[in-house]
Amino acid sequence: MDSALYHLEGVSRCYGASRALDRCTLVIPKGGVMGIAGPNGSGKSTLLKLLAFIERPDEGRVLFEGKEEVPFSPTVRHRVTLMPQTPFLMNRSVFQNVCYGLEVKKDRVDVAGRVAQALSRVGLDAKRFAGRYRHELSGGEAQRVALAARLILDPEVLILDEPTASVDAASSFLIHQAILAFAARPGKTVILTSHDAAWLEGVSDEMLFFFRGRRVKEKMGVMLFGPFEQDPLSGAWLKCSEEGVIPVPAPPDPDAVAAVPQRSLRMGHEASDREVGFNAEVRETARRKAQPDAQVTLIGAGFPMTLSCPVAHAPEPGEIVRVSYPLSAVQWL
Amino acid sequence: MDFIVDGFFRALVLLSHGDPQTFSAVATTLKAAFLSMGASLLLGVPAGFCLGYYEFRGKKTARTIVDTMLALPTVFIGLLVYAFLSNRGPLGGLGLLFTIPAISVGQTILALPVITALTAACLDSLDKGLRLTLISLGADKGQLFMTTLWEVRYGIVAAAMTAMGRVMTEVGISMMVGGNIKWHTRTITTAIALETGKGMFAEGIALGLVLLSIALVVNISVSVFRR
């Protein structure tokens with residue numbers, strides 16, 4: 001039996017003249033956590049809307065358990081649910097917001113008990129919160145109510161678009177806990193994006209990487225946007241910017257986008273004959289207890305990136321470090 | 001000035017003694033308004049929903065036409081309805097001229113653009129996240145429609161109140177297609193116009209007070225609903 005939950009075949013989605021997702025083909029297996037990563041505008045949210053059958057693709061097909069499904073299809077309506085980045089709570093009480101999904105399913109079994117349980121899963125006390133309205137909730141509480149409204153449905157597929165974006169640390173922790181508890185249950189699939197790249201990589205069984213509406217093979221550490229210029233003397237192709245000059249291989253066209261995989265980037269090494277590089281400013285250094293490596297967030301070539309290095313050699317914020325990579329590692333997107 | 005004050009007190013006497021002519025006009029007004037409001041809500045809310053919720057070619061043109069219809073003069077509506085319902089008109093065979101349904105038809109034309117335009121404006125300003133949320137929580141198309149309308153319920157009530165205000169206070173349509181026939185098609189507003197013409201201010205003021213009272217009752221009901 002095919003264990004794939006989703007098959008996307010050449011799926012494209014356009015908004016006006018902009019192509020948010022471009023001929024995307026992929027398979028998502030049943031069960032586990034699938035993380036989706038990519039910079040802003042890479043098509044992650046569009047992909048999630050298509051996977052949740054909120055929108056139809058303009059081209060291609062979205063297959064769910066081998067069958068093509070569309071929005072409002074009875075097969076997927078109560079099995080797949082999406083929590084958007086900005087949660088929307090209806091102009092009714094928290095209780096009514098959480099039980100709305102049960103109402104539409106005409107499921108009236110122990111509604112009060114299940115609402116209380118769903119709220120407690122996200123760290124909210126039903127007695128205190130059930131009667132509140134959206135204007136009486138903080139951003140983090142609203143996000144947790146939105147998650148409770150999904151968890152009460154006990155879906156097979158839970159899709160989360162940046163579930164902890166713009167919420168406080170306490171809410172973020174509780175949301176992460178609730179997601180992990182859900183994902184640990186047998187037969188459940190979680191598909192999510194998160195700005196917290198380290199957390200996303202940590203919880204995901206598999207990762208998909210996107211850039212400009214296209215799926216890319218691996219996580220890109222840095223991207224260099226055209227135009228590129230050719231040095232008339234040496235013939236080398238260069239990306240010239242205020243940050244400096246960065247050599248690249250010959251581009252397919254002057255406005256192409258170059259990407260260097262994360263795994264090819266090294267910090268603190270001097271450029272050699274086979275390696276090129278650029279200077280980057282350290283913005284943040286995160287050291288975690290019992291972890292041998294620190295996570296260093298840098299800005300270089302106009303692009304933010306997070307690299308790891310041994311805690312003993314971790315640079316401090318404000319320092320300028322050299323980031324290098326083999327010229328052969330550059331990919332054209 | 002005395003005749004106004006005197007008219008006011010005589011109006012209270014007329015109302016407290018249950019003057020049959022006054023109450024006949026009130027009943028006719030309410031019947032016509034009930035029919036026209038029912039019809040305009042039934043047609044106007046779905047039309048406003050389509051106009052505000054969906055994106056389609058010609059939407060801007062449709063909005064402009066509906067907005068223009070907001071300024072339709074009641075006498076012009078009366079003229080059109082009269083032309084259609086008179087013996088020479090295409091609907092003359094229905095025999096509706098100078099009846100309450102005829103007044104309701106005209107008032108529906110008056111109220112429909114108000115309901116449609118204000119409902120569309122409510123839906124236009126609705127957070128786009130609602131649709132995504134409802135579909136993701138498993139709503140079907142019918143539930144999506146009903147829940148969306150429920151979310152803008154106060155806006156629709158405000159639209160209905162505005163339309164009701166226009167319908168209850170118009171004179172042109174009731175006069176032209178109702179004919180202001182005593183005991184049959186005389187409404188509060190046509191009666192006020194007639195009584196004022198005759199110099200009978202007490203009756204006119206009494207009827208005006210009834211109109212205000214109806215507006216007050218409707219507003220109190222809406223306040224209770226909002227709570």
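Note that this is a predicted model, so its numbers are computed, not measured. Residue numbers begin at 1 in each chain, while the letters A, B, ... track the order of the sequences.
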Novice: So, are A:K30 and A:E65 salt-bridged, with charged N and O less than 4.0 Å apart?
Specialist: yes
Novice: Go through the atoms of A:T81 and report whether side chain, backbone, both or neither lie under 4.5 Å from a heavy atom of chain B.
Specialist: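 Both parts, heavy atoms under 4.5 Å.
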Novice: Shorter than 4.5 Å, heavy atoms on both sides: which option in B:L134, B:L137, B:L132 has the most such pairs with chain A?
Specialist: B:L137
Novice: Under a 3.5 Å distance rule, please check whether B:Q143 uses its side chain to pair with a backbone N or O of B:D140 as donor and acceptor.
Specialist: yes
Novice: Just by modelled atom types, is the A:A146 backbone N or O under 3.5 Å from a matching donor or acceptor in the A:R150 side chain?
Specialist: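 Indeed, once roles are kept as given, a pair shorter than 3.5 Å links the two residues.
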Novice: I'd like to know whether CZ of B:F76 has more than 12 heavy-atom contacts from other residues, nucleotides or ligands below 6.0 angstrom.
Specialist: no
Novice: With a 4.5 angstrom heavy-atom cut-off, could you sort out which part of A:A149 is near chain B: side chain, backbone, both or neither?
Specialist: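 Backbone plus side chain of A:A149, per the 4.5 Å heavy-atom cut-off to chain B.
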Novice: For B:K128, does the NZ atom sit with more than 12 other heavy atoms under 6.0 Å from it, leaving out its own atoms?
Specialist: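 Buried by this count: over 12 neighbours within 6.0 Å.
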Novice: Which bit of A:V80 is near chain B, if near means a heavy-atom gap under 4.5 Å: side chain, backbone, both or neither?
Specialist: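 Only the backbone of A:V80 comes within 4.5 Å of chain B.
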Novice: Heavy-atom cut-off 4.5 Å, strictly under: side chain, backbone, both or neither for A:L82 against chain B?
Specialist: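 Contact with chain B is through both the backbone and side chain of A:L82.
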